[in-house]
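The structure appears below as structure tokens.
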Amino acid sequence: MADTDGTTEAKEFHTDIPQTSEAFFLKGSNSLDWGMKNRLGRIFNPESGRTVMLAIDHGYFMGSTTGLERIDVNILPLEPYADTLMLTRGILRSIVPARTQKSIVLRVTGGTSILKELSNESLAVDIEDAVRLNVSAMAVQVFVGGEYERETITNMTRMVDMGTRYGIPTMAVTAVGKDMVRDAKYFRLATRICAELGSHYIKTYYVPKDFETVTAACPVPIVIAGGKKQPVPDALNMAYRAVQEGAAGVDMGRNIFQDDAPIAMIQAVRAVVHEDLAPDKAFEMYNDLAGQTA
Ligand code: R5P
């Protein structure tokens, strides 16, 4: 029988303590619904406010590119060191163990290959499948200034609308056409358009000049892609400068999985992103860890 008499008398109601209301830690995200915030809080570490996303979605238009030939063999050992895996549903279902506790950012656009015009993408996943896969965010490629600019922006706004129904954030990925200038002016334009139209956070590229104006003018968090493989000190320096200049982390692929010591590299990147470790110290850390596994 329920104990209805004793419980209320015995409770301490703390009538002198006002209920607190905690502000959400991520830039521009305080007005989002609980599910959105909870998912973003699985991508971004609430302590550092940053994330190390491991990007392994390249196969959706590049096929089995260098380093991603065998995701089960080469990439799964990196999973413990990532905050988030960014990938396609094909790789998620076929290779990633469902026991993973890592947040998933699902690539939801596609339809093109490196053999053709890359900006001609469509939405390639139903929102119901994103729900079914329990993803923490969806990634949509946006080609501002590209041949299919309007279509890709509309892909993004449609995903934002659908994701909002289910509490799933949308990450816009600002893709740059081959012949376009990659500078702060362009990335201010591209990231701001994505944020104004509802993206919850944005992946863009780091530029050495005026990157802080890109992050300052964007009202939601920015993470940087790593881009082509660079020497380790350069990649660590880029990650360091990006977070010092306002990025909320990295969505890095090739500079990790194409490295000779990818487990050492992802740990060094983590230290830069989450602990503000200076790049020279992070390189020492990388060398130590790489030496241990050699
Ligand atoms: C490429 O199209 C994908 O969106 C990648 O997720 C993105 O470029 C990040 O990977 P990487 O660090 O290799 O540039």
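We count ligands from 1, going down the list as the structure has it; atoms in each ligand are counted the same way. The analysis underlying the following values was restricted to heavy atoms, covering all of them including side chains, and did not include hydrogens, waters or symmetry mates.
Both cation-pi conditions hold for Arg182 and Tyr205: the charged atom is under 6.0 angstrom from the six-membered ring centre and inside a 45 degree cone around its axis.
Listed by number with element, the atoms of ligand 1 under 4.0 Å from a non-hydrogen atom of Asp251 are 9 (C), 12 (O). Each of the atoms 6 (O) of ligand 1 lies under 4.0 Å from some heavy atom of Met86. Near Arg254, meaning under 4.0 Å from one of its heavy atoms, ligand 1 places the atoms 11 (P), 12 (O), 13 (O), 14 (O). Taking every heavy atom of Ala55 and a limit of under 4.0 angstrom, the matching atoms of ligand 1 come to 6 (O), 9 (C), 10 (O). Those atoms of ligand 1 with a heavy atom of His58 less than 4.0 angstrom away are 5 (C), 10 (O), 11 (P), 13 (O). Taking every non-hydrogen atom of Met252 and a distance limit under 4.0 Å, the qualifying atoms of ligand 1 come out as 12 (O).
The distance criterion of under 3.5 Å between nitrogen or oxygen atoms is met by Gly227 with respect to ligand 1. For ligand 1, none of its N or O atoms has an N or O atom of Val173 under 3.5 Å away.
Protein heavy atom nearest atom 6 (O) of ligand 1, with residue, atom name and distance: Asp57 OD1, 2.5 Å. Ranking the protein heavy atoms by distance from atom 7 (C) of ligand 1 puts Lys203 NZ, 2.9 Å first.
In the hydrophobic clustering of ILVMFWY residues, with side-chain heavy atoms under 4.5 Å counting as a link, Phe257 and Ile71 come out together.
A salt bridge does not link Arg188 to Asp210: none of the charged nitrogens lies less than 4.0 Å from a carboxylate oxygen. Ionic pairing of Lys209 and Asp183 is not present here: no N-O contact between side-chain nitrogen and carboxylate oxygen is shorter than 4.0 angstrom. Comment: Asp259 engages Lys229 in a salt bridge, judged by a side-chain N to carboxylate O separation of less than 4.0 angstrom. Asp129 and Arg132 are joined by a salt bridge, as a carboxylate oxygen and a charged side-chain nitrogen come within less than 4.0 angstrom of each other.
Around atom 8 (O) of ligand 1, the closest heavy atom drawn from Tyr205, Phe61, Tyr60 belongs to Tyr205.
One finds the NE2 atom of His14 at 12.5 Å from the CD atom of Gln19 (value rounded to the nearest 0.5 Å).
With Thr204 as the fixed residue, the side-chain contact (heavy atoms from CB on, under 4.5 Å) test singles out one of Ile222, Val176, Asp251: Ile222.
Every heavy atom of Lys229 sits 4.0 Å or more from the atoms of ligand 1.
Contact annotation: for Arg107 versus ligand 1, heavy atoms closer than 4.0 Å belong to the side chain alone.
Using cut-offs of 30° and 60° for the angle between ring planes, the Phe44 and Tyr201 rings count as perpendicular.
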